[in-house]
There are 2 protein chains.
Amino acid sequence: MAEDRRTRRSRRALGTALVELVLERGFTALTVEDITERADVARATFYAHCRDKEDLFARVTADLLTGLAARLEPVVADSEVGFTGKPVLEMLRHAREERDQYRIVLRGEGDGKPLQMFVDALARATAEEFRARAERNAVQPRIDPELLARVWVGEQIAVLRWWVEQDVPSLPAEEVVRMLLDLALHGRYWASGFESRA
Amino acid sequence: MAEDRRTRRSRRALGTALVELVLERGFTALTVEDITERADVARATFYAHCRDKEDLFARVTADLLTGLAARLEPVVADSEVGFTGKPVLEMLRHAREERDQYRIVLRGEGDGKPLQMFVDALARATAEEFRARAERNAVQPRIDPELLARVWVGEQIAVLRWWVEQDVPSLPAEEVVRMLLDLALHGRYWASGFESRA
DNA sequence: ACTTTACTGAACAAGGTGTCTGTAAATGAA
DNA sequence: TTCATTTACAGACACCTTGTTCAGTAAAGT
């Protein structure tokens, strides 16, 4: 009743082959044969598992998203007390482990669709969190939570990309999170000659 | 000696056809024939002007970038006095005029390459500006200007995308800029129950 | 009017896609 | 071990898209 080993092996091989090749040449430049060749699998076998290239790519990135969600869930549930940036730290750790996949997604491979899903998922969850928090504290948000969430996610994505694309990390994850929080919550780090006139 | 009208007409028709179709179906889904058909032009004519699909797309987005640069130049040169956000306002106005093109770029169409160029160009210019400003004020930046620039650009891109994708603009450009500045420089607008514990 | 230039329509080879064979081999169960 | 099932395989197939070429035609510019 258990799944055939060959099935697992083929799927895994195809997935990792895709990731490797996308990093090397980019998604659109790849042919199905490129992938099957790298995975040591027949071309027909590919179509036994995936409808097409996009399908395989969608599986891989979907796995990444669910993996992140799984790691974020307990952290978010635990951080009821305030805005601590712990979810960001957890995301950075995840990105350090799955660096290649993150690179691919953040580079906007595959028509930017995976990146859009990534951003949208983060923004949706964040906006919801903001709304809930405001309601709990019985305050009227001074700005559309959706917009605030977009800005906050935009910062995270930008830093995440910068971090994950570096050859050798110039900052540890904890440092990055601290900087990000100081920047978002208090506008610190701007005080180096960048201030506004006001 | 002047350029043939037909040449201009074909180029323009192809460009706008591409933009329309990318918005409707996405870049990769298009065939060259789709484009020439929409542009009322023979397929052979297409190849008389462009090497391939990506070439045409690159031209369009490159034009957008140079157009933005042209509008930003005087504004940046004029804002020596401080961090006023005037460039952002100008970019928003540009985006309001060239909304379709911005949509396409910000959605990451074309393998995300145009978006990367857009982000990189903004980040590079911003980082340079930051470095120059710090040096002029004779202060040691407390953080890598490159990183700070990425964060700042990340915010702009996120808001820009949010703004340009809305069916009916919920905020005027000036309001968006004010919010963005208050957020970036002082962390305002977070004070609606989102504060950190510290 | 005349020359130059660009658009056209069609044909072409090359290469990728997705599907479908029949066959061989690996697997899990009896 | 044996057996039925499942999967991988190699190859062939029609189809589509690409990018190039070329002779014929229309429309610019001067």
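Computed from a predicted structure; not experimentally measured. In what follows, chains are A, B, ... by sequence order, proteins preceding strands, each numbered from 1.
- Looking at R71(B) and E90(B), a side-chain N of the basic residue comes within less than 4.0 Å of a carboxylate O on the acidic one, giving a salt bridge.
- One finds no salt bridge joining R103(A) and E98(A) here, because no Lys/Arg side-chain nitrogen approaches an Asp/Glu carboxylate oxygen to under 4.0 Å.
- Checking A44(B) against V41(A), the closest nucleotide of DNA chain D that is more toward the 5' end is the one next to V41(A).
- Within the 4.0 angstrom heavy-atom criterion, base atoms lie near R43(B).
- At the phosphate of dC7(C), OP1 or OP2 sits under 4.0 Å from a side-chain N or O atom of H49(B).
- Listed pair R5(A) / dG28(C) meets the phosphate criterion, a side-chain N or O lying under 4.0 Å from OP1 or OP2.
- Residues V41(B) and F46(B) come closest through the heavy atom pair CG1-N, 4.3 Å.
- Proximity of Y47(A) to the phosphate of dT19(C): no side-chain N or O atom is located under 4.0 Å from OP1 or OP2.
- Between the CZ atom of R8(B) and the P atom of dT5(C) there is a distance of 16 Å, given to the nearest Å.
- At a threshold of 4.0 angstrom between heavy atoms, the contacts of T7(A) are confined to the sugar-phosphate backbone, with no base atom among them.
- Put simply, CZ on R9(B) is 10 Å from P on dA28(D), counting in whole angstrom units.
- Taking atom CD1 on I35(B) and atom P on dG19(D), their separation rounds to 11 Å, with Å as the unit.
- The distance from atom CG of D55(B) to atom C1' of dG19(D) is 13 Å, rounded to the nearest whole Å.
- In terms of polar N and O atoms assigned as donor or acceptor, the side chain of R6(B) comes within less than 3.5 Å of the base of dT5(C) in a complementary pairing.
- You'll find the side chain of T7(B) reaches within 4.5 Å of the side chain of H49(B), heavy atoms only.
- When the P atom of dT17(D) is taken as reference, atom CD of E54(B) falls 15 Å away, rounded to whole Å.
- By the 4.0 Å N-to-carboxylate-O rule, R38(B) lies too far from D34(B) to be salt-bridged with it.
- Checked for salt-bridge contact, R150(A) and E155(A) miss the test: no charged N lies under 4.0 Å from a carboxylate O.
- The shortest distance between the side-chain N/O atoms of T31(B) and the OP1/OP2 oxygens of dC16(D) is not below 4.0 Å.
- You'll find that the side chain of A48(A) is closest to dA8(D), out of dT20(D), dA8(D), dA6(C).
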Dot-bracket assigned to DNA chain D with the 3.5 Å Watson-Crick/G-U criterion, [ ] for crossing and | for other-strand pairs, is ||||||||||||||||||.|||||||||.|
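- Spacing between atom CG of D4(A) and atom P of dG28(C) amounts to 6 Å, rounded to whole angstrom units.
- Distance CD (E33(B)) to C1' (dC15(D)): 14 Å, rounded to an integer number of Å.
- Residues K53(A) and F27(A) meet the side-chain proximity criterion, which asks for heavy atoms closer than 4.5 Å.
- Taking atom CZ on F46(A) and atom P on dT19(C), their separation rounds to 11 Å, with Å as the unit.
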